[in-house]
Novice: 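Have a look at this one.
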Amino acid sequence: MTDRYQTFTTTPLGKTLVKNLGLPDPTPLPRWTEGSPVIDGPVVFGAIGETDAGKAVQALLRDIGAAFSTVTEGVASSTIRPKAIVFDATGATSTADLTSLQRFFSPVVRQLAPAGRVIVVGRTPELASSPEQHIAQRALEGFTRSLGKEVKRGATVNLVYVAPDAHEQLDSTLRFFLSPKSAYVDGQVARIGTGPLVSNDPSRPLAGRTALVTGAARGIGASIADILARDGATIIGVDVPQNADPLRKVISKIGGTELLLDVTAVDAAQRIAAHAQEQHGGLDIIVHNAGITRDRRLVNMRTDAWDAVLDVNLRAPERITKHLVESGALRDGGSIIGVSSMAGIAGNNGQTNYATSKAGVIGLVQALAPALAERQIRINAVAPGFIETEMTAKIPFTIREVGRRINSLQQGGLPIDVAETIAWFADPASAGVTGNVVRVCGQSMLGA
Ligand code: NAD
């Protein structure tokens with residue numbers, strides 16, 4: 001689906017009307033392309049004191065070849081137009097330190113380049129060493145979420161909480177949030193814990209890994225397959241037999257194997273495990289992307305529509321995960337990724353079945369993350385907002401138009417935005433990233 005309104009706003013007449021009538025002005029968002037740098041402009045770095053996290057951030061900026069300047073007393077050179085501003089707030093030990101946020105950001109944020117990035121690094125509040133530190137760190141969430149609503153022109157603001165002694169785990173997450181890979185992730189909080197230190201080639205982080213992607217024939221699933229393959233994974237694409245042709249097209253482009261089955265079939269998990277073992281010797285990544293909607297308000301909801309949505313979106317991922325983990329088909333060190341939805345967080349009129357299933361996916365992440373950590377298996381989920389696919393093309397025009405605009409970026413996301421977020425979760429270097437649910441929604445106002 002093309003966003004005709006956004007296209008119109010780039011014409012001379014569109015520009016005039018947007019300006020004079022104060023209409024939404026969605027800035028086209030650049031996406032990452034192979035061979036591009038992580039970030040293509042200067043970075044301004046600030047901090048509250050010298051910390052391990054701050055040192056890790058600066059080491060990464062050097063590693064990716066970013067031109068960065070350090071600002072200690074708040075005023076960045078007015079000649080710099082930063083593409084990113086990174087602020088290490090892990091050193092905030094009490095609310096007195098929150099003063100630094102205003103002092104540092106007020107002058108520098110107005111110079112942020114279009115489609116710029118703001119990243120605040122904080123200490124996980126629940127793991128703070130004192131109540132005072134907990135309070136100050138928790139306050140960062142309000143700051144970043146509000147700043148996300150203030151910065152314009154396609155810029156994003158995100159918060160990364162890092163656990164004590166987990167600063168060495170920051171790299172893959174910072175690379176993601178700095179780059180155009182996170183184009184549609186805005187106003188989010190990511191949490192990083194400790195884990196084994198994995199150093200891999202950031203241009204092929206999934207080399208030698210096998211990834212199962214359900215619902216891979218089209219839409220978001222096809223893009224996930226594409227992006228994970230770009231990152232080096234061998235793909236097992238799953239979809240229903242009716243979608244054999246489009247699935248073949250996806251897989252023939254990227255290599256890998258196809259598996260035609262309905263994920264709700266009683267033997268689906270066993271067939272997936274057998275296919276993965278026989279064709280690929282096992283599995284490293286599972287992406288539960290297959291999903292359906294059967295919208296009706298609850299008073300008119302038919303039993304079959306209720307059951308179909310719960311079966312595909314929640315019960316199948318739950319059953320398949322259980323079998324692949326218990327049978328050992330998913331290797332230790334693997335990564336499981338659920339696809340939830342903003343509706344699972346905010347609820348949605350006419351979607352009690354869908355929202356139940358998608359909130360359940362969040363439950364799956366939260367319930368399994370601690371136990372799976374013993375085998376160094378990670379589980380996370382994305383919660384997409386309005387993404388331009390066949391699913392959202394079916395939404396009536398006016399509701400669709402509202403869905404596209406009521407977020408900080410004033411536009412819908414693309415399947416690749418969800419896929420890139422999943423690739424960050426799947427990256428073995430994201431060893432400290434588990435139990436996260438990250439929205440890919442342009443900071444939608446719904447459920448915020
Ligand atoms: P889509 O309808 O375009 O594609 C879904 C794919 O899943 C199709 O290829 C379909 O054949 C497959 N599938 C459905 N039921 C299956 C089953 N029983 N077994 C195997 N395959 C099955 O949908 P999409 O927009 O690409 O959505 C992908 C995922 O993202 C879904 O889980 C959806 O709920 C979620 N999501 C989408 C949006 C959005 O805006 N598009 C927003 C939030 C969440």
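Order of listing sets the numbers, starting from 1, for every ligand and every atom in it. Model, not experiment: these values are computed from the prediction. These values consider heavy atoms only, across backbone and side chains, with no hydrogens, waters or symmetry-generated copies.
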Novice: Work out whether the distance between some heavy atom of Gly385 and some atom of ligand 1 is less than 4.0 Å.
Specialist: yes

Novice: With a cut-off of 4.0 Å, which atoms of ligand 1 are near a heavy atom of Ile387?
Specialist: 39 (C), 40 (O), 41 (N)

Novice: By number and element, which atoms of ligand 1 are closer than 4.0 Å to a non-hydrogen atom of Ser341?
Specialist: 43 (C), 44 (C)

Novice: Who's the nearest protein heavy-atom neighbour of atom 41 (N) of ligand 1, and how far?
Specialist: Thr389 OG1, 3.0 Å

Novice: Using a strict cut-off of less than 4.0 Å between a Lys/Arg side-chain nitrogen and an Asp/Glu carboxylate oxygen, indicate whether Arg204 and Asp201 qualify as a salt bridge.
Specialist: no

Novice: Between Leu261 and ligand 1, which part of the residue brings a heavy atom under 4.0 Å of the ligand: side chain, backbone, both or neither?
Specialist: backbone

Novice: Under 4.0 Å from a heavy atom of Tyr354: which atoms of ligand 1 are those, numbered in the order shown and with their elements?
Specialist: 33 (C), 34 (O), 35 (C), 36 (N), 43 (C), 44 (C)

Novice: Under 4.0 Å from a heavy atom of Thr392: give me the atoms of ligand 1 that qualify, with their elements.
Specialist: 39 (C), 40 (O), 41 (N)

Novice: Please confirm whether Thr214 comes under 4.0 Å of ligand 1, counting heavy atoms of the residue only.
Specialist: no

Novice: Less than 4.0 Å between a side-chain N and a carboxylate O, is that true for Glu388 and Arg400?
Specialist: no

Novice: Give the contacting part of Ser340 toward ligand 1: side chain, backbone, both or neither, where contact means a heavy-atom distance below 4.0 Å.
Specialist: backbone

Novice: With a cutoff of 4.0 Å, is Gln242 in contact with ligand 1, counting heavy atoms of the residue only?
Specialist: no

Novice: Side chain, backbone, both or neither: which applies to Ile220 and ligand 1 if a contact is any heavy-atom pair less than 4.0 Å apart?
Specialist: both

Novice: Where is the nearest protein heavy atom to atom 5 (C) of ligand 1: which residue, which atom, and how far?
Specialist: Gly291 O, 3.9 Å

Novice: Counting only heavy atoms, which portion of Glu388 has something under 4.0 Å from ligand 1: side chain, backbone, both, or neither?
Specialist: neither

Novice: So which of Val121, Asp171, Val160 actually passes side chain to side chain contact (heavy atoms under 4.5 Å, CB included) with Val57?
Specialist: Val121

Novice: Return the closest protein heavy atom for atom 9 (O) of ligand 1 as residue, atom name and distance.
Specialist: Asp239 OD2, 2.6 Å

Novice: If I apply the N/O under 3.5 Å rule, does Met342 come out as touching ligand 1?
Specialist: no

Novice: Between Asp226 and Lys253, is the closest basic N to carboxylate O distance under 4.0 Å?
Specialist: yes

Novice: Mind checking whether Val240 contacts ligand 1 via backbone (N, CA, C, O), side chain (CB onward), both or neither, at a 4.0 Å heavy-atom cut-off?
Specialist: both

Novice: With the threshold set at 4.0 Å, does a side-chain nitrogen-carboxylate oxygen contact exist between Arg145 and Glu150?
Specialist: no

Novice: Could you list which atoms of ligand 1 come closer than 4.0 Å to a heavy atom of Ile292?
Specialist: 14 (C), 15 (N)

Novice: Taking the basic N atoms (NZ, or NE/NH1/NH2) and the acidic carboxylate oxygens, is any pair closer than 4.0 Å for Glu318 and Lys322?
Specialist: no

